[in-house]
Amino acid sequence: MRKNVDRSFTGKIGRVTGRVAPGTIGEVMLPYHGGTSAYHAYPFDGTSEFLVGEKVLVIYYDPPLTVYVDELPDVLRHD
């Protein structure tokens with residue numbers, strides 16, 4: 001990971017549209033400029049798995065189109 005960190009997506013909540021798991025390139029949809037955009041996604045801890053439809057939290061953004069995600073904390077769930 002880089003020293004000059006772009007935090008523009010850190011803390012955003014995304015929806016998994018392509019399974020995020022170790023050894024795969026997942027996909028997450030994130031809000032961007034009034035719409036949504038797709039980003040390549042990897043598990044932040046390198047071991048977690050997130051299935052299609054799950055909501056996740058962006059921990060790290062690696063421009064231009066890669067995010068590292070983790071489980072959405074209970075405090076941010078609106079189920």
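Remember, predicted model here, so these are calculated numbers, not experimental data.
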*To the nearest 0.5 angstrom, please state how far the CG atom of L65 sits from the CD atom of E27.*
10.5 Å
_Any heavy-atom pair between the side chains of V58 and L30 that's under 4.5 Å?_
yes
*Which of these passes ring pair (Phe, Tyr, Trp, His ring centres under 6.0 Å) with F9: Y68, Y60, Y39?*
Y39
*asked:* Distance check, rounded to the nearest 0.5 Å: T24 atom OG1 versus H40 atom NE2?
replied: 12.0 Å
*Taking all non-hydrogen atoms of both residues into account, name the closest pair between Y61 and T66 and its distance.*
CD1-O, 3.4 Å
*Closest approach of D70 to I59 (non-hydrogen atoms, all atoms of both residues)*: CB-CG1, 3.7 Å
*asked:* Membership question, hydrophobic clusters at under 4.5 Å side-chain separation (ILVMFWY): are F44 and I13 in the same one?
replied: yes
_Quick one, K55 and F50 - any side-chain contact, counting heavy atoms below 4.5 Å?_
no
_In one Ile/Leu/Val/Met/Phe/Trp/Tyr side-chain cluster, 4.5 Å: V28, L51_ = no
*asked:* Using modelled atom types and a 3.5 Å cut-off, is there a donor and acceptor pairing between side-chain atoms of Y42 and backbone atoms of D45?
replied: no
*State plainly whether one hydrophobic cluster holds both Y32 and M29, where clusters connect Ile, Leu, Val, Met, Phe, Trp and Tyr through side-chain heavy atoms under 4.5 angstrom apart.*
no
*asked:* Looking at E49, is its backbone amide N or carbonyl O close enough to the side chain of R19 to form a donor-acceptor pair, meaning the two atoms are under 3.5 Å apart?
replied: no
_Shortest non-hydrogen contact between P22 and S48, atoms and distance_ = CD-O, 3.3 Å
*asked:* Before you tell me yes or no, could you show the steps for V20 and V56 under side chain to side chain contact (heavy atoms under 4.5 Å, CB included), namely the whole-Å CA-CA distance, both residues' side-chain angles and the distance that decides it to 0.1 Å?
replied: CA-CA 10 Å; V20 178; V56 292; over 6 Å; no
